[in-house]
Amino acid sequence: MTVRVRFAPSPTGFLHIGGARTALYNWLFARKNGGAFVLRIEDTDAERSTDESTAGILDGMKWMGIDWDEGPFYQSEYLQEHKDAAQELLRLGAAYRCFCTKEELDQQRAEARANKVAFKYNRKCLALSAEESQARADRGDPYVIRFRVPDNRQETVSFDDRVFGHIEVGIKEIGDFVIVRSNGLPLYNLANVVDDHRDRITHVMRGADGLANTPKQVLIYEALGWETPVFAHMALTLDPSKAKISKRRHGEVVTVEFYQEHGFLPWAFCNFMALLGWSSGDDQEIFLNREEMIDRFSLDHVSKANSVFNYRKNDPKFITDPKALAVNAAHLRQLPIDELLPYVKDWFVRQGLWKDDWDGADRQWFASTVDLIRSRYHTLEDFTELGRAYFFDEYPIVPKAAKNIRKDPVLEQGFKRLSQAYAALDGFSLENVESTLRVLSDDLGIKAGLLINGVRAAVTGQTVGPSLFEVLLTLGKERVISRLEKAAVMVSAG
RNA sequence: GGCCCCAUGGUCUAGCGGUUAGGACAUCGGCCUCUCACGCCGAAGUCCCGGGUUCAAUUCCCGGUGGGGUCACCA
């Protein structure tokens with residue numbers, strides 16, 4: 001039997017990391033098993049569903065590179081099927097109309113709470129005769145349809161969850177739940193089962209918050225005489241205080257969009273997400289390409305314990321979970337340069353900073369410059385922020401760099417004479433660039449390090465970076481000379 | 001509160017009766033060095049608690065504790 005899985009988000013917000021992870025695991029499972037990945041938008045809550053959030057979810061998935069084979073289907077388009085299923089359940093005696101008012105039910109809930117037991121509908125309307133039920137319906141009395149939990153035939157409902165194992169719950173624990181609202185619209189538990197059955201889903205992989213609903217759904221499958229799919233629930237991702245993550249509480253940092261906008265490589269982001277609850281079984285954590293992870297993916301190593309998304313609010317050093325940054329950085333420096341370049345280009349284009357020469361005449365230069373600096377960057381954003389000076393003549397000089405430039409008055413002479421010496425140089429090679437600087441340091445009677453650090457600060461605006469002489473070569477003679485002249489002025493100006 | 005689920009360093013995890021409890025990130029120190037990063041080396045830090053079962057429990061069972069989920073005419 002061909003594996004068929006689905007991702008069925010409700011479009012009530014942006015795609016957040018929890019949903020992204022669910023989508024990713026489904027996708028990995030489908031690709032691993034040569035199955036189909038279906039995308040279904042569960043938009044039946046018209047109050048909360050918006051086109052924008054649907055678009056946001058699709059965009060997020062596209063960015064991550066999680067492609068779907070079928071869909072997107074929209075749950076709202078299958079309304080009639082859901083209603084038909086409810087009628088069928090009614091006909092089978094597996095469901096019944098309930099005319100109880102909200103007030104009555106609220107009262108029952110209050111009582112249940114007072115008695116410290118779970119609320120269970122008291123089945124008042126189950127006692128209604130078929131005739132009376134029909135008569136009241138015909139008369140136009142408002143009613144909901146409840147599923148009749150078959151407590152006369154079995155004591156427990158159970159299923160074997162692919163990650164949590166055998167789950168069993170006493171049937172007396174489940175109250176007759178509503179499957180169709182009084183306005184005629186079916187509810188999640190019913191619609192979801194009908195849709196999964198129609199879409200021939202073989203494996204339902206979703207967040208563990210669906211675990212407690214599953215017995216109800218199993219009951220519906222059984223009542224309709226449908227085969228139940230395999231369930232595989234995934235532990236939730238929590239925030240550092242163990243609270244469920246939500247955009248409302250946590251803001252942008254939990255949305256996929258945030259990672260897109262902060263220069264994450266899509267697959268590196270997926271790599272990090274995958275690690276939040278899944279392990280390869282050995283020590284490998286970095287998967288530079290999709291195939292590698294697909295090959296290794298298995299439900300056997302999906303964790304049952306909730307994981308904590310370890311982001312720190314307002315931490316200047318870590319804009320998100322340090323491990324997310326580390327994984328992205330690993331991809332940034334380990335990817336073959338030719339595979340990385342397109343993403344760097346996209347980033348520059350997005351920022352409106354791309355120059356066409358960089359994949360034309362200066363293609364080689366661009367590649368080697370990116371290669372030179374990438375090992376100390378964490379995100380693509382670093383190329384346009386920290387790495388500004390490598391690509392543009394306008395660049396900020398960070399305070400510590402400014403300090404290095406003015407560290408010693410002798411540096412004014414140093415910069416001035418170095419620029420003159422470089423100007424007089426025949427070529428501009430690693431060797432003569434370095435020896436020129438060292439000879440000058442001796443002349444000036446200062447340590448080469450002083451001049452080197454000053455020059456680095458002057459030409460890059462940073463105190464850190466690659467070996468200075470490599471930097472100088474990448475920048476080229478002209479730029480170096482003019483930047484040194486400016487630096488000399490900076491020193492004299494104090 | 002009822003029911004269900006979970007529990008290895010700060011975080012993500014490996015482990016599946018006998019291990020100096022492994023790896024990654026983060027932290028700290030060292031090497032490298034013109035700085036930073038990379039790379040390499042090293043340090044600190046963990047099996048929630050209590051009972052069993054067993055020659056032997058991080059591992060199996062039970063009970064606590066802690067955390068999470070769920071109990072809607074949301075999905």
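Chain letters run A, B, ... following the sequence lines, proteins first, then strands; residues in each count from 1.
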(Q) With hydrogens left out and only the distance checked, is there a donor-acceptor pair under 3.5 Å joining E285(A)'s side chain and the base of G23(B)? (A) yes
Q) Is any side-chain N of the basic residue among R388(A) and D382(A) closer than 4.0 Å to the acidic one's carboxylate O? A) no
Q: Inspect the surroundings of CZ in F14(A) and state if more than 12 heavy atoms from other residues, nucleotides or ligands are less than 6.0 Å away.
A: no
Considering only distance and modelled atom types, tabulate donor-acceptor pairs under 3.5 Å from the side chains of residues 307-318 of chain A, sequence neighbours left out.
{"residue": "D315(A)", "atom": "OD1", "partner": "K317(A)", "partner atom": "N", "Å": "2.8"}
{"residue": "D315(A)", "atom": "OD1", "partner": "F318(A)", "partner atom": "N", "Å": "3.4"}

Q: Classify the side chain of R376(A) and the base of C36(B) as holding, or not holding, a donor-acceptor pair under 3.5 Å.
A: yes
Q. Has H301(A) got a side-chain N or O lying under 4.0 Å from the OP1 or OP2 atom of G15(B)?
A. yes
Q) Between K120(A) and E173(A), is there a side-chain N and carboxylate O pair less than 4.0 Å apart? A) no
Q | K242(A) with D239(A): basic N within carboxylate O range, under 4.0 Å | A | no
(Q) Of the listed nucleotides (C12(B), C4(B), C38(B)), which one gets closest to any side-chain atom of I167(A)? (A) C4(B)
**Q.** Who pairs with U35(B) - Watson-Crick or G-U, where each distance is under 3.5 Å
**A.** none
Q: Using a 4.0 Å cut-off on protein heavy atoms (strictly under), produce a 5'-to-3' string for nucleotides 66-75 of chain B with B for base contact, S for backbone-only sugar-phosphate contact, and - for none.
A: -SSSSSSBBB
Q) Near Y343(A) OH, under 6.0 Å, is it more than 12 heavy atoms from other residues, nucleotides or ligands? A) no
Q) Can you tell me if the side-chain N/O atoms of K317(A) get under 4.0 Å from OP1 or OP2 in U27(B)? A) yes
(Q) What contact category does R456(A) fall into here, base, sugar-phosphate, or nothing, at under 4.0 angstrom with non-hydrogen atoms? (A) base
Q) Starting at CG of D160(A) and ending at P of C5(B), how long is that distance when rounded to a whole Å? A) 12 Å
Q.
Mind checking if F318(A) touches a base, just sugar-phosphate, or nothing, with heavy atoms under 4.0 Å?
A. sugar-phosphate
Q: Kindly point out which of A24(B), G2(B), U11(B) is positioned nearest to the side chain of D321(A)?
A: U11(B)
Q: Quick one: list whatever passes side-chain hydrogen bond (donor to acceptor under 3.5 Å, both in side chains) with R376(A), sequence neighbours left out.
A: none
Q.
Looking at C5(B), I'd like to know if its phosphate oxygens (OP1 or OP2) sit under 4.0 Å from a side-chain N or O belonging to K304(A).
A. no
